[in-house]
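One structure below.
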Amino acid sequence: MTKHMVKAAALVALMTASGGLHAQTLEGKTVDFTIPFSESGGSGQWANFFAPRLSAALPGNPTVVVRYRPGAGSTEGANWFQGQQARGDGLTIFGDSGSTKFPYLLGDPLVRYEYNDWQPILASATGGVVVLPADLGARYDGSMNDLQDEFYLYGSQGATTLDLVPLLAFRMLGLQVDPVFGVDGRGGGRLMFERGEANIDYQTSSAYIANVLPLVEDGLAVPIFTWGALNADGDIVRDPTFPDLPHFGEVCEATDGCETEGVAWDAYRSFLIAGFANQKTIFLPSSASQEVVDMYTTALNEIISAPGFMEEAAEVLGVYEQLTGTAAVTATEQATTISDESKQYVLDWLMESYGISMN
């Protein structure tokens, strides 16, 4: 068993023996819930959804404040959290994203954080929706064949962030996409799209529901496909939040030159798992005691099992499972592991297309 799985097993045993009770209280305290992104993106939506619910469920009803530490596609904030591992009193929690996992998986030299040091307490799946402006969307017929001759601008946090998935997908579809690197989170990319400075975009489910769906309803944007979701057998299927939209694999199969087998497809699937099947995770520092872990796990279980939670979550986050305890640990370990072949394919592509080296 891994270190995290041993901890999770001990958590279950302790909660069973004690009836799930905890002695610690956070009355009068403030919990800092830090995310390494700006306020405008999907992570901000996600964190602000859970923050008041954590405040209500944690003993003593502490104030839970979402803090934003954007920079380097989330690497700066994650490096900061690595330096907070001694703050295990329950007043410091951290939320990552696929943009945090990807540089770790690829061996980015800017990464100074280690996932094995962090204690996952909640794992959230999510999805993503690709959109075009109305004029281009009118030409979309379920394939990208009639859109391959266009030139696209895409606002990107960076090729080794969560934007790796769209950039790889766009390449597989034969699209001519010029990424504008350095935008401030996916929210920055959305703002470029709204201002007409970019003509292709994607947003995670929560940000799409909150910020892009109104554009769709006003006829200013057209959703064309999702990244897809994984079913129990590990197959890529339609996103349960957007069942009427095809997933990337369906569009790939309908598009000339795009293949749903081979090393490119395997790499796409690997990063889909790392970036979306467990896209956002809440962590405690490594020094947090078992009592603190128990306290948060109990609170989170209360939140996700509360009457009406699934309906409320669907409106803000989408229809996705929220995992705690051993399930959260296992999901995080899967999302931070990749095959050597898929990793090398992506490293070679990053160097060829963008001159990016991880050496």
With clusters defined by side-chain heavy atoms of hydrophobic residues (ILVMFWY) lying less than 4.5 Å apart, directly or transitively, does [Y] cluster with [X]?
X	Y	value
Leu110	Leu350	no
Tyr140	Phe170	yes
Phe248	Trp349	yes
Met144	Leu245	no
Tyr296	Ile35	yes

Distance-minimising heavy-atom pair for [X] and [Y]:
X	Y	result
Ala264	Leu168	O-CD2, 4.3 Å
Pro103	Thr75	CG-OG1, 4.1 Å
Leu300	Leu122	CD1-CB, 3.9 Å
Ala299	Ala57	O-CB, 3.7 Å
Val165	Trp227	CG1-CD2, 4.0 Å
Ile304	Thr324	CD1-CG2, 4.0 Å

Spacing of [X] atom [atom1] and [Y] atom [atom2] [to the nearest 0.5 Å]:
X	Y	atom1	atom2	value
Tyr268	Ile273	OH	CD1	11.0 Å
Ser342	Leu347	OG	CG	10.5 Å
Leu215	Asn211	CG	CG	8.0 Å
Cys252	His247	SG	NE2	10.5 Å
Met172	Leu167	CE	CG	13.0 Å
Gln119	Leu284	CD	CG	6.0 Å

Neighbour count above 12 (heavy atom, 6.0 Å) for [X] [atom1]:
X	atom1	result
Glu27	CD	no
Asp218	CG	yes
Arg112	CZ	no

Do [X] and [Y] have side-chain heavy atoms sitting under 4.5 Å apart?
X	Y	value
Glu315	Glu312	no
Leu317	Phe49	yes
Phe193	Tyr202	no
Val66	Tyr68	yes
Leu175	Ile200	yes
Val131	Val222	no
Trp80	Pro36	no
Tyr320	Thr241	yes

Handout entry: Criterion ring-ring contact (aromatic ring centres under 6.0 Å, His included) against Tyr113, the qualifying member of Trp118, Phe283, Phe81
Key = Trp118

What side-chain donor-acceptor pairs closer than 3.5 Å can you find for residues 123-130, not counting sequence neighbours?
| from | atom 1 | to | atom 2 | distance (Å) |
| --- | --- | --- | --- | --- |
| Ser124 | OG | Trp46 | NE1 | 3.1 |
| Ser124 | OG | Gln322 | OE1 | 2.4 |

Exercise for the section: Sequence neighbours left out, what pairs pass side chain to side chain donor-acceptor pair (under 3.5 Å) with at least one residue falling in residues 166-182? Expected result: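 Qualifying pairs: Arg171-Ser353.
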
Handout entry: Derivation and outcome, ring pair (Phe, Tyr, Trp, His ring centres under 6.0 Å), residues Phe94 and Phe33
Key = CA-CA 6 Å; Phe94 181 77; Phe33 184 179; 8.6 Å; no

Per-pair distances, 0.1 Å, donor-acceptor, side chain in residues 95-102, under 3.5 Å, sequence neighbours excluded:
| from | atom 1 | to | atom 2 | distance (Å) |
| --- | --- | --- | --- | --- |
| Asp96 | OD1 | Lys101 | NZ | 3.3 |
| Asp96 | OD1 | Thr281 | N | 2.8 |
| Asp96 | OD1 | Thr281 | OG1 | 3.4 |
| Asp96 | OD2 | Lys101 | NZ | 2.8 |
| Asp96 | OD2 | Tyr115 | OH | 2.6 |
| Ser99 | OG | Leu162 | N | 2.6 |
| Thr100 | OG1 | Ser74 | OG | 3.0 |
| Thr100 | OG1 | Ser97 | N | 3.2 |
| Thr100 | OG1 | Ser97 | O | 3.3 |
| Lys101 | NZ | Asn278 | O | 3.1 |
| Lys101 | NZ | Gln279 | O | 3.4 |
| Lys101 | NZ | Thr281 | OG1 | 3.4 |

Practice task
Could you give me the CA-CA distance, side-chain angles and deciding distance for Asp340 and Gln344, then say whether side-chain hydrogen bond (donor to acceptor under 3.5 Å, both in side chains) is met?
Solution key: CA-CA 6 Å; Asp340 291 339; Gln344 192 58 54; over 6 Å; no

Problem - Trace of the salt bridge (Lys or Arg N to Asp or Glu O under 4.0 Å) decision for Lys29 with Asp89 - result: CA-CA 11 Å; Lys29 305 290 187 179; Asp89 56 3; over 6 Å; no

Exercise for the section: Check the pair Asp32, Arg69 against salt bridge (Lys or Arg N to Asp or Glu O under 4.0 Å), reporting the backbone distance first and the verdict last. Expected result: CA-CA 12 Å; Asp32 288 333; Arg69 298 185 68 96; over 6 Å; no

Handout entry: Step-by-step side-chain hydrogen bond (donor to acceptor under 3.5 Å, both in side chains) determination, Tyr154 to Asp163
Key = CA-CA 10 Å; Tyr154 172 73; Asp163 285 334; 2.7 Å; yes

Handout entry: Residues Arg186 and Asp201 bridged, charged N to O under 4.0 Å
Key = yes

Exercise for the section: Let me see the working for Glu302 and Arg53 under salt bridge (Lys or Arg N to Asp or Glu O under 4.0 Å), right down to the final yes or no. Expected result: CA-CA 9 Å; Glu302 178 183 320; Arg53 290 167 173 80; over 6 Å; no

Exercise for the section: Given side-chain contact (heavy atoms from CB on, under 4.5 Å), test Tyr345 with Asp266 step by step and report yes or no. Expected result: CA-CA 10 Å; Tyr345 174 83; Asp266 291 343; over 6 Å; no

Handout entry: Cation-pi geometry met for Arg269 and Phe271 (6.0 Å, 45°)
Key = no

